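Report on one structure; see the data block that follows.
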Amino acid sequence: MKTTGMKLKSGLPTIIVFAATIMLVACQGGPPQISIDGAKAELSSAIVGEAMVTMNIRNQGGADVLTGVKTDIPGAKISFHTMQGERMVDADKVKIPAKGNMELKMGGSHIMIENMPKTVMGGSQLHVTLIFQKSGEKQIPLTLQSGAAMPMGHDHHM
Ligand SMILES: [Cu+2]
């Protein structure tokens, strides 16, 4: 009787670990579940007509890729930037890992709006639309905040 009881007990954790592994593998292959929080648009205090957009992209599902970004500000250029060493370079896409977080932030990958008309200033409303390979488009309403000091790397925009 004692021996049988011990066998049952030791067999149970193994089954749980095995089941959890199967679930994890299944989730990683599934569709992405994207949510966005903390989105912020800040005007550059150094460069006229330029703003940086930062946010936290959470993904509770499978991997996805940000393949594009657009804005409703007429005539403005919007693009992804990433760090290459200490330099800021254009990027065509941003990978969103499965079951992970991708923070678009100063000093890492972020979104840059350039060439904005003079009518756009602190307090202006705008929309930024993220285009995901699998999740489609997500539109984010933003209010421009004025006057953040840009990191040194942004001098190249001049
Ligand atoms: Cu930049």
Side-chain angles (χ1 to χ4, degrees), residues 19-158:
T21 308
I22 290 173
M23 278 166 70
L24 192 69
V25 169
C27 284
Q28 278 175 346
Q33 285 175 48
I34 304 279
S35 61
I36 291 152
D37 62 51
K40 205 161 84 170
E42 279 177 293
L43 269 177
S44 165
S45 57
I47 303 156
V48 176
E50 190 170 307
M52 181 188 271
V53 180
T54 54
M55 67 189 71
N56 188 23
I57 302 170
R58 291 174 201 281
N59 183 12
Q60 293 186 291
D64 206 342
V65 182
L66 254 179
T67 55
V69 60
K70 56 190 183 183
T71 181
D72 55 358
I73 300 175
K77 179 199 173 217
I78 185 165
S79 57
F80 297 123
H81 275 183
T82 191
M83 297 297 286
Q84 206 170 73
E86 294 199 346
R87 280 190 58 222
M88 199 72 64
V89 292
D90 278 336
D92 353 314
K93 56 186 175 186
V94 177
K95 284 182 184 171
I96 312 296
K99 294 259 176 189
N101 264 5
M102 182 55 173
E103 215 183 327
L104 300 180
K105 60 181 179 186
M106 194 185 283
S109 296
H110 57 267
I111 295 164
M112 210 77 218
I113 308 176
E114 295 161 67
N115 203 29
M116 295 190 297
K118 286 195 183 113
T119 48
V120 178
M121 54 188 83
S124 291
Q125 309 280 317
L126 68 142
H127 288 90
V128 165
T129 304
L130 299 178
I131 306 158
F132 292 91
Q133 196 174 66
K134 291 180 184 164
S135 306
E137 298 193 355
K138 292 200 188 294
Q139 196 184 58
I140 304 155
L142 291 160
T143 303
L144 255 187
Q145 297 174 13
S146 47
M150 287 284 169
M152 293 292 279
H154 282 88
D155 290 351
H156 72 275
H157 292 312
M158 292 290 283

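Sequential numbering from 1 along the given sequence is applied to the chain's residues. What you are looking at is a predicted structure, and each value in this text was computed from that prediction instead of being measured.
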message: List the residues meeting salt bridge (charged side-chain N to carboxylate O under 4.0 Å, His left out) with K70, not counting sequence neighbours, and say none if there are none.
response: E137
Rounded distance [0.5 Å steps], [atom1] in [X] versus [atom2] in [Y]:
X: L130; Y: I57; atom1: CG; atom2: CD1; result: 5.5 Å
X: L104; Y: I96; atom1: CG; atom2: CD1; result: 6.5 Å
X: M102; Y: L66; atom1: CE; atom2: CG; result: 8.0 Å
X: K99; Y: R58; atom1: NZ; atom2: CZ; result: 14.0 Å
X: I73; Y: Q125; atom1: CD1; atom2: CD; result: 11.0 Å
X: S124; Y: Q145; atom1: OG; atom2: CD; result: 12.5 Å

Within 6.0 Å of NZ in K138, more than 12 heavy atoms from elsewhere: yes
field: Q139, CD: over 12 other non-hydrogen atoms inside 6.0 angstrom
entry: yes
query: Side chains of S35 and Q33: does their closest heavy-atom pair fall under 4.5 Å?
result: no
query: With side chains defined as the heavy atoms from C-beta onward, is the minimum distance between E114 and I47 less than 4.5 Å?
result: no
- prompt: Name the one of I140, I113, V120, T143 that satisfies side-chain contact (heavy atoms from CB on, under 4.5 Å) with L126?
  reply: I113
query: Stepwise, does the side chain to side chain contact (heavy atoms under 4.5 Å, CB included) test hold for F132 with T67?
result: CA-CA 6 Å; F132 292 91; T67 55; over 6 Å; no
